[in-house]
Amino acid sequence: MELHQLEYFVAVAEEAGFTRAATRLHVAQPGVSAQVRRLERELGQPLFDRSGRAVRLTDVGAAVLPHARAALASVNAVRETVAEFEGLVRGQVAIGIVTSAGPVALPEFLAGFAERYPGVEITLAEANSDVMVEKLRDGRLDLAVIGLADGEPAGLATQTVLDEALVAVTGPRDALAGRREVTFAELAERSLICLPKGTGLRGVLDRGFAAAGLRARVTIEASDPDVLAQLAMRGLGVALVPESLARYYSAELHTLQLRPRLRGKLALAWRDGGPAGPAARALIDFARATVREPDPV
């Protein structure tokens with residue numbers, strides 16, 4: 001068993017295909033297929049089901065995948081540790097962020113980190129909070145900005161970077177436009193526009209309705225909070241957004257406080273057990289020192 005075989009296996013599993021894995025690895029597709037088949041022959045079990053149009057993990061492949069990732073992470077940690085003893089911080093770090101993390105000054109943060117650690121390669125991806133929590137737990141991400149709905153996720157440590165109220169916004173001609181507050185019972189009768197399931201703010205909203213014994217009637221979902229506001233401007237429903245976004249669109253939208261109040265949080269998150277290598281440790285230390293926890297507003 002060779003390390004590059006494990007690397008090819010993990011790439012095919014994550015990309016759900018040999019061609020996409022080869023593109024990611026910058027190697028020829030036949031080479032990827034050949035090395036994965038050699039690995040399967042050595043293990044005596046097929047790792048992928050190739051019978052359909054999409055390549056899928058077999059039960060054995062799914063069981064092997066976390067161990068393969070752990071082996072590759074350990075080897076990378078060895079390399080990074082040696083570099084650290086040479087006085088350098090090198091390696092790769094992976095960061096995830098929710099689309100709705102606009103208030104977080106991510107470009108400035110990344111530029112500052114790259115300036116301090118020029119030998120570290122940074123990758124950045126967007127996803128919903130629930131997806132990133134799983135990627136943090138299995139080591140595919142070193143750090144993420146996630147929305148919190150139910151407190152700190154198991155296995156992760158967090159540092160709050162934004163804590164604010166969730167509000168309802170409508171167009172100026174909406175029946176609610178003359179009101180200052182709105183109840184969940186009233187919102188349950190309306191078409192709602194909000195972030196999709198799996199996001200922190202959607203989790204907060206769903207919990208609010210559940211606590212009231214009601215169910216939200218969500219007719220439009222969008223991952224970008226600005227799109228939610230713009231849809232509400234055009235009279236397509238009542239949008240649920242962070243209060244800071246409502247203030248930004250105050251000239252075009254009417255804001256209503258929720259009764260009872262709800263708050264949403266964005267937080268830095270990382271594995272509670274700590275990162276595997278010095279590059280990831282440097283990233284987390286830099287983030288915690290740079291992105292300060294605010295006072296609630």
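The figures that follow rest on heavy atoms only: side chains count, while hydrogens, waters and symmetry mates do not. In this chain, residues are counted from 1 in sequence order. Every value quoted in this text rests on a predicted model; they were computed, and no experiment measured them.
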Cluster overlap Val131 with Val133, hydrophobic side-chain contacts below 4.5 Å: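 Val131 and Val133: separate clusters.
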Provide the closest heavy-atom pair for [X] versus [Y] in the form atom of the first, atom of the second, distance.
X      : Y      : result
Phe209 : Phe184 : CE2-O, 3.6 Å
Val98  : Ser129 : CG1-OG, 3.3 Å
Leu136 : Asp142 : CD2-C, 3.9 Å

Can you tell me if CG on Asp59 sees more than 12 non-hydrogen neighbours from other groups inside 6.0 Å?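 No, CG of Asp59 has 12 or fewer neighbouring heavy atoms, counting only those of other groups under 6.0 Å.
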Would you give me the side-chain donor-acceptor pairs under 3.5 Å for residues 251-259, sequence neighbours excluded?
residue: His254; atom: ND1; partner: Ala177; partner atom: O; Å: 3.1
residue: His254; atom: NE2; partner: Ala177; partner atom: O; Å: 2.9
residue: His254; atom: NE2; partner: Arg179; partner atom: O; Å: 2.4
residue: Gln257; atom: NE2; partner: Glu243; partner atom: OE2; Å: 3.0
residue: Arg259; atom: NH1; partner: Glu181; partner atom: OE1; Å: 2.9

Under 3.5 Å, is there a donor-acceptor pair between the Tyr249 and Asp226 side chains?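 The answer is yes; a qualifying pair exists.
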Main-chain N/O of Ser244 paired with Glu164 side-chain donor or acceptor, under 3.5 Å: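 Yes, the answer is positive, given that a donor and an acceptor are paired below the 3.5 Å cut-off.
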Check whether Thr58 reaches the backbone of Pro46 with its side chain - one donor and one acceptor, N or O, closer than 3.5 Å.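 Yes, Thr58 side chain to Pro46 backbone: donor-acceptor pair under 3.5 Å.
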side-chain contact (heavy atoms from CB on, under 4.5 Å) between Leu187 and Leu192, intermediate numbers included: CA-CA 8 Å; Leu187 287 176; Leu192 301 182; 4.1 Å; yes
Can you tell me how far the CD atom of Glu186 sits from the CG atom of Leu214, to the nearest 0.5 Å?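 With rounding to 0.5 Å, CD (Glu186) is 11.0 Å from CG (Leu214).
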Going by heavy atoms in the side chains, are Ile146 and Leu266 under 4.5 Å from each other?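 SC-SC contact between Ile146 and Leu266 ruled out.
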Under a 4.5 Å cut-off applied to non-hydrogen side-chain atoms, are Val55 and Val12 in contact?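 Yes. Closest side-chain heavy atoms under 4.5 Å.
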Pairs under 3.5 angstrom only: tabulate donor-acceptor contacts from the side chains of residues 63-71 to other protein residues two or more places apart or in another chain.
residue: Arg69; atom: NE; partner: Glu14; partner atom: OE2; Å: 3.0
residue: Arg69; atom: NH2; partner: Glu14; partner atom: OE2; Å: 3.2

Look at the aromatic rings of Tyr117 and Phe286 and report parallel, tilted or perpendicular, splitting at 30° and 60°.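 If you compare the ring of Tyr117 with that of Phe286, the planes turn out perpendicular.
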